Trainee: 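Have a look at this one before I ask anything.
Model, not experiment: these values are computed from the prediction. Sequence lines set the chain letters: A, B, ... in the order given, protein chains first and strands last, and positions in each chain run from 1.
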Amino acid sequence: MAANGDFSLLERPAHELAALLDSGEVSSAELTRLALERIEALEPSLKAFLTITPEQAREAAEAVDSARARSESPSPLAGVPIAIKDNMCVDGVACTCASKILESYRAVYDATVVERVKAAGMPIVGKTNMDEFAMGSSTENSAFYPTHNPWDTGKVPGGSSGGSAAAVAARQVPLALGSDTGGSIRQPASFCGVTGLKPTYGRVSRYGLVAYGSSLDQIGPLTTDCRDAALLTRVIAGADPRDTTCADVEVPDLAAALTGDIKGLRIGIIQELMTEGIDAEVRGAIGKAAEALEDLGASVGEATIPHIDYSLPVYYLIAPAEASSNLARFDGMRYGHRTDQKASGHIDMYSRTRSEGFGDEVKRRIMTGTYALSAGYYDAYYLKAQKVRTLLRRDFEAALEKFDILISPTAPMTAFGIGELVDDPIAMYMADICTFTVNLAGIPGLSVPCGFSEAGMPIGMQLVGRAFDEATILRAGEAYQEATDHHRRVPEITAKEGLS
Amino acid sequence: MSITRDDVAHVAELARLAMTDEELDEMHGHFGAILEHFARLAAVDTEGVEPTFHPLVRRNVTRPDQIRPPMDRSKLLANAPSADDECFLAPQIMEDE
């Protein structure tokens with residue numbers, strides 16, 4: 001076992017660990033061992049992981065330690081362990097998307113982000129739990145087990161990247177990757193008190209990410225602070241010939257943009273997301289955060305996104321429509337589950353296979369999407385939604401002309417109880433009401449911890465920026481974190497389990 | 001627009017999802033609730049508004065057509081529910097004569 005105090009290393013952000021690795025005060029092998037021990041100790045209470053990959057992690061750690069010993073100049077996060085959401089392919093490792101239909105599937109190649117993380121010398125410790133196929137807001141839609149919120153294990157961690165958020169919040173691992181189609185990085189970051197960035201659509205390659213909503217999906221980091229989010233985004237971002245939606249736009253040195261200076265920055269609070277549909281405690285925390293930003297020299301005004309009220313129907317038409325098409329590939333032919341029942345013909349085989357393999361929420365979205373795209377309804381639903389999406393996008397363009405960034409709550413509430421909303425899908429959909437408009441507009445969104453409820457649950461603030469300008473929201477987020485300590489608070493569970 | 005239980009059954013058929021009566025009832029209820037939300041879109045004036053199929057305007061992306069080594073066949077076949085050394089095996093789709 002680790003000596004007392006060693007685990008406190010895992011409570012430091014990755015950029016500090018990278019400095020310790022650089023100076024030789026700690027090795028990647030040691031950090032990786034600590035992360036794996038902490039995962040083992042906390043998993044019975046959290047269930048943040050679906051697969052743990054200790055051997056691959058140790059090998060990668062040893063390789064990066066010996067590269068460093070040969071004085072090869074490593075990348076900024078070399079040697080820092082990382083966890084990957086289970087919808088991204090890691091060659092040779094299970095990739096289930098938390099679905100029974102992919103329970104036996106092993107990835108046959110690395111996703112581009114995984115390839116880049118490996119090339120950066122970051123040991124992958126495992127694959128994290130999620131809502132099945134990233135459809136959900138609580139990680140309760142995992143076909144295997146729900147993940148528990150480290151701040152209160154009776155509550156959900158948010159979703160769909162709930163495993164990644166919980167793992168970082170409990171300091172099982174300093175960094176994780178998630179994916180965000182309608183808020184799946186930011187909303188769990190908010191519920192778990194960590195930092196999460198959804199980059200601009202097209203910033204990060206989705207090659208090797210199991211597709212959900214192709215005009216919305218984006219991969220991004222979950223970390224303990226904005227500096228780490230900047231560093232990890234730099235590792236994974238940039239053009240990829242294997243994903244034609246991945247834009248050939250230069251990725252700036254995002255960490256260098258974190259100057260701490262936000263004097264004169266024009267910040268707009270989205271008025272439509274500060275109304276009574278949002279918990280009073282959450283609104284209060286956002287108001288205080290806005291004051292803190294003002295104290296740092298920013299100017300704060302009122303922004304408006306007039307069509308935001310329509311974002312729920314627009315999102316729940318477009319995302320399921322794209323999902324129904326993307327998930328047509330799961331037919332029991334080439335990979336995944338195939339029914340054992342005697343089928344009368346191949347169509348019957350497909351139907352039985354898919355019914356056995358998909359969970360309830362996935363079926364709901366496939367059905368909604370199929371309906372929205374079906375003959376007679378396409379114009380009224382799908383096409384109409386895409387037109388209203390244009391109006392939403394224009395609202396953001398206009399607001400971001402007047403302001404440099406926009407802020408709002410990340411979620412309308414703090415983490416809810418496990419089981420509380422499972423029987424009411426539409427109430428569950430509301431948990432992403434502050435985030436999915438940002439995916440519809442294609443622009444970047446960041447969530448940073450900005451306070452705690454009276455019950456002790458974290459509250460998140462969302463910062464929204466212009467397309468391909470992650471640097472400005474990260475700079476504002478980092479300046480805010482330098483002035484506050486919400487992001488430094490660690491849940492008690494990390495001390496309870498006999499770890500220190 | 002309302003939807004009948006038969007419509008839901010038809011959508012399930014299109015989506016290749018075999019559903020029990022109970023599941024169809026539940027799905028019918030869900031459709032009723034979600035369609036109420038969708039109906040609100042009808043009130044938005046979208047006259048002359050172009051749809052946004054992709055959030056960022058992009059041109060078509062091409063690359064030179066070069067021959068590259070394919071993925072390893074045995075590795076791919078290892079994930080199949082049924083395969084021989086060369087092919088995925090599908091259930092019989094033609095009746096015996």
Trainee: Could you tell me whether B/K75 and A/D91 have a side-chain N and a carboxylate O separated by less than 4.0 Å?
Mentor: yes
Trainee: Under 3.5 Å, is there a donor-acceptor pair between the A/Y201 and B/H54 side chains?
Mentor: yes
Trainee: Is there a side-chain contact between A/L440 and B/P55, using heavy atoms and a 4.5 Å cut-off?
Mentor: no
Trainee: Are the side chains of B/L35 and A/Y381 in contact, using a 4.5 Å heavy-atom criterion?
Mentor: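 Yes, side chains in contact.
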Trainee: Quick check on the interface: out of B/V11, B/L14, B/V61, who has the most heavy-atom pairs with chain A under 4.5 Å?
Mentor: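 Maximum pair count with chain A is reached by B/V11.
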Trainee: Below 4.5 Å from any heavy atom of chain B, which atoms of A/A385 appear? Answer side chain, backbone, both or neither.
Mentor: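 Both backbone and side chain of A/A385 come within 4.5 Å of chain B.
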Trainee: Using non-hydrogen atoms only, which part of A/L317 is less than 4.5 Å away from chain B: side chain, backbone, both, or neither?
Mentor: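 Contact with chain B: backbone and side chain both.
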Trainee: What is the distance from atom CE of A/M333 to atom CG of B/L89, rounded to the nearest 0.5 Å?
Mentor: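 Rounded to the nearest 0.5 Å, the CE-CG separation comes to 10.5 Å.
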Trainee: Under a 4.5 Å heavy-atom cut-off, does chain B meet the side chain of A/T390, its backbone, both or neither?
Mentor: both
Trainee: With rounding to the nearest 0.5 Å, note down the distance linking CD1 in B/I34 to OG1 in A/T368.
Mentor: 6.0 Å
Trainee: Against chain B, work out which of A/I366, A/I347, A/N439 has the most heavy-atom pairs shorter than 4.5 Å and name it.
Mentor: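 Greatest number of close heavy-atom pairs with chain B: A/I347.
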Trainee: Considering only heavy atoms, give the residues of residues 15-30 of chain B separated from chain A by less than 4.5 Å, sorted numerically, with 'none' for an empty result.
Mentor: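 Listed by number: B/A15, B/R16, B/L17, B/A18, B/M19, B/E23, B/E26, B/M27, B/H30.
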Trainee: Is a side-chain N or O of B/N79 found less than 3.5 angstrom from the main chain of A/R106, in a donor-acceptor match?
Mentor: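 Answer holds: yes.
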Trainee: Out of A/M367, A/E356, A/R354, A/H337, return the one with the most heavy atom pairs under 4.5 angstrom to chain B.
Mentor: A/M367
Trainee: Heavy-atom cut-off 4.5 Å, strictly under: side chain, backbone, both or neither for A/A441 against chain B?
Mentor: backbone
Trainee: Heavy-atom cut-off 4.5 Å, strictly under: side chain, backbone, both or neither for A/D348 against chain B?
Mentor: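 No part of A/D348 comes within 4.5 Å of chain B.
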Trainee: How far apart are the C-alpha atoms of B/I3 and A/Y371, what are their side-chain angles, what is the distance that settles it, and do they pass the side chain to side chain contact (heavy atoms under 4.5 Å, CB included) test?
Mentor: CA-CA 10 Å; B/I3 183 167; A/Y371 179 65; 3.6 Å; yes
Trainee: Flag the one option from A/L327, A/D248, A/D309, A/T200 with the top tally of heavy-atom pairs under 4.5 Å to chain B.
Mentor: A/D309
Trainee: If you look at every heavy atom in B/F38 and A/Y316, which pair is closest and at what distance?
Mentor: CZ-O, 3.3 Å
Trainee: Taking side chain as everything from C-beta outward and backbone as N, CA, C, O, which of these in A/S344 sits under 4.5 Å from a heavy atom of chain B? Side chain, backbone, both or neither.
Mentor: neither
Trainee: Measuring from A/L392:CG to B/T52:OG1, what's the distance to the nearest 0.5 Å?
Mentor: 9.0 Å
Trainee: Hey, could you give me the CZ/OG1 distance between A/R389 and B/T46, rounded to the nearest 0.5 Å?
Mentor: 15.0 Å
Trainee: Would you say A/F468 and B/L56 make side-chain contact, with heavy atoms under 4.5 Å?
Mentor: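 With C-beta onward as the side chain, the pair touches.
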Trainee: Specify which of A/V314, A/I318, A/T245, A/L216 makes the most heavy-atom pairs with chain B at under 4.5 Å.
Mentor: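 The residue among A/V314, A/I318, A/T245, A/L216 with the greatest pair count is A/T245.
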Trainee: May I ask you to test the A/Y335-B/F88 pair for a side-chain heavy-atom distance under 4.5 Å?
Mentor: no
Trainee: Quick check on B/D45 against chain A: is it the side chain, the backbone, both or neither that has a heavy atom closer than 4.5 Å?
Mentor: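 Contact with chain A: backbone only.
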Trainee: Can any side-chain N or O of A/R334 pair as donor or acceptor with the backbone N or O of B/A80 at less than 3.5 Å?
Mentor: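 Such a contact is absent between A/R334 side chain and B/A80 backbone.
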Trainee: Under the side chain to side chain donor-acceptor pair (under 3.5 Å) test, which residues partner B/D72, sequence neighbours left out?
Mentor: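 Side chain to side chain donor-acceptor pair (under 3.5 Å) list for B/D72, sorted by chain: B/S74.
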Trainee: Would you say B/E36 has more than 12 foreign heavy atoms packed within less than 6.0 Å of its CD?
Mentor: no
Trainee: Is A/K384 reaching over with its side chain to a backbone N or O of B/V44, donor-acceptor style, under 3.5 angstrom?
Mentor: yes
Trainee: If I measure from the heavy atoms of chain B, does A/A372 come under 4.5 Å with its side chain, its backbone, both, or neither?
Mentor: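 Contact with chain B involves no heavy atom of A/A372 at all.
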Trainee: Name the region of B/A83, side chain, backbone, both or neither, that has any atom closer than 4.5 Å to a heavy atom of chain A.
Mentor: neither
Trainee: Do B/P91 and A/M349 make a side-chain contact, defined as non-hydrogen atoms from C-beta onward lying under 4.5 Å apart?
Mentor: yes
Trainee: State, to 0.1 Å, how close B/P81 and A/G332 come at their nearest heavy-atom pair, and which atoms those are.
Mentor: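 Here B/P81 and A/G332 meet closest at CG-O, 3.2 Å.
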